[in-house]
Enquirer: 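I have a structure here, written as C-alpha cells, and I will follow up with some questions on it.
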2 protein chains.
Amino acid sequence: MADAKDTAWIESFPALKDLPETERRLLVERGSVIDIPAGTTVFAPGVAAENFLLVIDGTVRVQQVSAGGREIVLYRVSGGETCIMTTSCLMAEEAYTAEGITETDVRAVAIPKTVFEELLVLSPGFRRIVFSAYANRISDVMHVVEDVAFERLDKRLAQRLLDRAGSDDIVRATQQELAAELGTAREVASRLLKEFERRGWVALTRGQVALRDRDALHRAATAE
Amino acid sequence: MADAKDTAWIESFPALKDLPETERRLLVERGSVIDIPAGTTVFAPGVAAENFLLVIDGTVRVQQVSAGGREIVLYRVSGGETCIMTTSCLMAEEAYTAEGITETDVRAVAIPKTVFEELLVLSPGFRRIVFSAYANRISDVMHVVEDVAFERLDKRLAQRLLDRAGSDDIVRATQQELAAELGTAREVASRLLKEFERRGWVALTRGQVALRDRDALHRAATAE
DNA sequence: ACACCGTCTGTGACTAAGTCACATTCAATG
DNA sequence: CATTGAATGTGACTTAGTCACAGACGGTGT
C-alpha cells in the first residue's frame with residue numbers, strides 16, 4: 001500500500017533513477033523514508049551512524065565547531081544529494097569534529113549499511129554515485145580552506161548574502177548565524193554589515209538582512 | 001623474474017597484506033611499481049589521472065594554491081597510504097583546485113582504473129581501505145579548516161616546527177616554505193620565527209630552523 | 001680571491017580581522 | 001506596560017596580512 005509513495009522518491013535523484021531495475025528495487029524495498037524535524041543533529045563527533053542517507057527534501061548543514069565555541073559551515077546537503085558523513089564516520093580512523101544539523105524539516109531515505117554494501121558490489125552506477133559524492137564533498141571542504149585562508153572577509157560576506165537570499169532578496173539569519181557561516185566573530189560580521197548598510201547595499205533589521213543592491217554586492221563578492 | 005620484487009611491496013600496506021590470496025594476486029600482477037622523482041606534480045587542476053596510487057615510500061604533499069600565489073598544505077600522503085585524489089579527480093563534478101607534488105623521491109604502485117573497479121567489486125577488504133582513505137582525507141582537510149579558522153598562528157607554527165623536525169631537531173625549510181605550510185604570508189612567518197628565536201626556542205639560519213627548546217614549543221603549540 | 005646575482009631574510013608602516021568588555025535596542029511574554 | 005533574554009552596536013586593543021623596501025647570504029664564474 002505504501003508502494004506508490006516508496007517508488008516516488010527515487011525520481012528526485014537524477015543519478016539513481018537511471019540505475020537498472022534490480023538495483024532500484026533494492027533501494028526502494030530496503031530503504032526506509034524518514035522525516036526529521038528541523039534542528040536535529042544527524043551526526044556528531046563520537047556518534048556513529050548505521051545508515052547511508054539520501055536527502056529527498058530539505059537541507060542538512062555540516063559545520064565544524066571549535067573548542068572556543070566558534071563555528072564554520074563546511075557545506076550543505078540538499079534534496080537529491082547524499083550525506084556521506086553518516087556512513088564514513090564508521091570508516092574514519094580519526095574522530096570527526098564536524099556535525100550535521102537539519103536546517104529545515106528533512107525527508108530522507110535511510111539505506112541500511114548491509115544494503116549499501118550490496119549495492120556497492122553489484123552496481124557500478126551506485127559506486128559512481130557514492131564516489132562522486134565523496135569527491136565533491138572533499139572539493140567543497142577544500143574550497144572552504146581556500147576561502148578562509150586567502151579571501152577577504154567582506155568579499156566572502158557579500159557572496160554569502162547573495163547565496164542565502166531568496167528571490168525576495170531577504171536573508172533570514174541573525175548576525176551571529178552569518179558570522180558562523182564564515183567562521184568569524186559576531187562583532188566582525190556586525191561591523192561589516194553596518195558598513196554594507198552605510199553604502200546602501202543592504203538594510204538591517206533584527207534577524208534579517210534585506211539586499212538593496214545586488215549588483216554592488218556582486219561586484220564586492222567578485223572583486224579582483 | 002621480477003616476481004620477488006613485485007610481491008614485496010604489498011607487505012608495506014598493513015591494510016592490504018591481510019587480503020585474501022586472490023585479491024593480493026590481482027594487485028601484485030596488475031599493479032605496476034613506478035618511481036617518481038622529488039618535485040614531480042602527481043596531480044593538478046584540470047589533469048585527470050587514470051590510476052589509483054599506493055605510495056610505497058616517500059611522501060606526496062597535497063596543497064591548495066590561491067589565485068594570488070599563496071599556498072597552504074592540506075595533507076601529506078606517505079608510505080603505506082593511498083592517494084585518493086588521483087582517482088577521485090575523475091569523479092568530482094567540480095574541478096579541484098588542489099595539487100599533489102612529490103616531496104621526496106617516491107616509489108608507488110599504480111593500479112589501473114579497471115583493476116581498481118574489479119577489486120572494489122570483489123573485495124570487501126579493499127572497499128574498506130578505499131573508503132577509510134577517503135574518510136581520513138576529508139577528516140584531514142576539515143582539520144585544516146578548523147586550524148586556519150580558529151587557531152592562533154604562533155600556536156600553529158610551533159606545532160608545525162615540531163611535526164617537521166627530524167630527530168636532529170632541525171627543520172630544513174625556508175621561511176617561505178613554512179609560511180606556505182600554514183597558508184600565511186612569508187613576512188608573518190618571519191616575524192614569528194624571530195620572536196621564537198628571541199625567546200630561545202629556535203635558532204634561525206638560512207633555509208633551516210634548529211629547535212632549541214622543544215618543551216617550550218610544545219607548550220606554545222598546546223596552550224589553551 | 002672577489003665580484004655578481006638570485007634567493008632568502010628582516011623591517012617599518014599601514015590595513016584587516018579577531019578579542020574583550022561592555023552598552024543599547026528590540027520583541028515577545030506575563 | 002514592565003520585564004527579560006536575545007540580538008545588535010561600539011570602543012579599545014591585539015593579532016594577522018599587505019606593501020614596499022633594504023639587507024645579507026651563498027653559490028657561480030673569472
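So that the names make sense, note that chain A is the first sequence line, chain B the second, and so on, each numbered from 1.
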Enquirer: A:Asp154 has an atom CG; how far is it from atom P of C:dT15, in whole Å?
Expert: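 It is 15 Å, rounded to the nearest whole Å.
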
Enquirer: Does the B:Arg107 side chain pair with the main chain of B:Val33, one donor and one acceptor, at a distance under 3.5 Å?
Expert: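 No, the answer is negative, given that no donor and acceptor are paired below the 3.5 Å cut-off.
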
Enquirer: Between the main-chain N or O of B:Thr59 and the side-chain N or O of B:Ser78, is there a donor-acceptor pair closer than 3.5 Å?
Expert: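 Not confirmed, B:Ser78 side chain does not pair with B:Thr59 backbone.
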
Enquirer: Under 4.0 Å between any heavy atoms, over every strand shown, what does A:Arg152 touch: base, sugar-phosphate, or nothing? Just pick one.
Expert: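 Result for A:Arg152 = sugar-phosphate.
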
Enquirer: Which residues in residues 179-190 of chain B have a heavy atom closer than 4.0 Å to any atom of DNA chain C?
Expert: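 Heavy-atom cutoff 4.0 Å gives B:Arg186, B:Glu187, B:Ser190.
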
Enquirer: What residues from residues 195-216 of chain A pass a heavy-atom cutoff of under 4.0 Å to DNA chain C?
Expert: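 Here the set is A:Arg206.
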
Enquirer: Should B:Phe43 and B:Val62 count as side-chain neighbours, where that means a heavy-atom distance under 4.5 Å?
Expert: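 In short, these two side chains touch, coming nearer than 4.5 Å.
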
Enquirer: Can you pull the contact range of chain A along DNA chain D, 5' to 3', using atoms under 4.0 angstrom from its heavy atoms?
Expert: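 First and last nucleotides in contact are D:dG5 to D:dA12.
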
Enquirer: Take A:Glu195 and A:Arg199 through the test salt bridge (charged side-chain N to carboxylate O under 4.0 Å, His left out) and record every step on the way to the result.
Expert: CA-CA 6 Å; A:Glu195 177 60 21; A:Arg199 295 184 192 171; 2.9 Å; yes

Enquirer: Does the pair B:Glu151 and B:Arg156 meet the rule for a salt bridge (charged side-chain N to carboxylate O under 4.0 Å, His left out), with working shown?
Expert: CA-CA 7 Å; B:Glu151 299 297 348; B:Arg156 294 171 57 214; over 6 Å; no

Enquirer: Set out, in order, the CA-CA distance, both residues' side-chain angles and the distance that settles salt bridge (charged side-chain N to carboxylate O under 4.0 Å, His left out) for A:Arg160 and A:Glu177, then state yes or no.
Expert: CA-CA 11 Å; A:Arg160 211 44 89 105; A:Glu177 286 163 351; over 6 Å; no

Enquirer: Please check the phosphate of C:dT19 (OP1 and OP2 only) for any side-chain N or O of A:Arg70 closer than 4.0 Å.
Expert: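 Answer is yes, contact under 4.0 Å.
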
Enquirer: What's the CZ-C1' distance between B:Arg172 and C:dC8, to the nearest Å?
Expert: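 Answer to the nearest Å: 17 Å.
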
Enquirer: Please figure out whether A:Lys194 or B:Leu192 has its closest DNA chain D nucleotide nearer the 5' end.
Expert: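 Upstream on the strand: A:Lys194.
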
Enquirer: Going by atom types alone, do B:Ser66 and A:Glu146 pair a side-chain donor with an acceptor below 3.5 Å?
Expert: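 No donor-acceptor contact under 3.5 Å links the two side chains.
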
Enquirer: Is there a side-chain contact between A:Arg186 and A:Thr174 (heavy atoms, below 4.5 Å)?
Expert: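 A side-chain contact is absent here, since even the closest heavy-atom pair is not under 4.5 Å.
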
Enquirer: With rounding to the nearest 0.5 angstrom, report the CZ to CD distance, A:Arg76 to A:Glu181.
Expert: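 A:Arg76 atom CZ to A:Glu181 atom CD measures 4.0 Å (nearest 0.5 Å).
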
Enquirer: Check the distance between C:dT7's P and B:Gln176's CD and give it to me in whole angstrom.
Expert: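 The distance from CD of B:Gln176 to P of C:dT7 comes to 12 Å, rounded to the nearest Å.
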
Enquirer: Please report the C-alpha distance between A:Leu16 and A:Trp9 in whole Å, then the side-chain angles of each, then the deciding distance to 0.1 Å, and finally whether the side chain to side chain contact (heavy atoms under 4.5 Å, CB included) criterion is met.
Expert: CA-CA 10 Å; A:Leu16 295 181; A:Trp9 64 259; 4.1 Å; yes

Enquirer: Do the side chain of A:Thr82 and the main chain of A:Leu54 share a donor and acceptor less than 3.5 angstrom apart?
Expert: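 Not confirmed, A:Thr82 side chain does not pair with A:Leu54 backbone.
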
Enquirer: Would you kindly give the CD-to-C1' distance between A:Glu151 and C:dA16, to the nearest whole Å?
Expert: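 So the two atoms are 14 Å apart, to the nearest Å.
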
Enquirer: Want to settle it: does B:Thr174 or B:Phe150 sit nearer the 5' end of DNA chain C, counting the closest nucleotide to each?
Expert: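 The 5'-side residue here is B:Thr174.
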
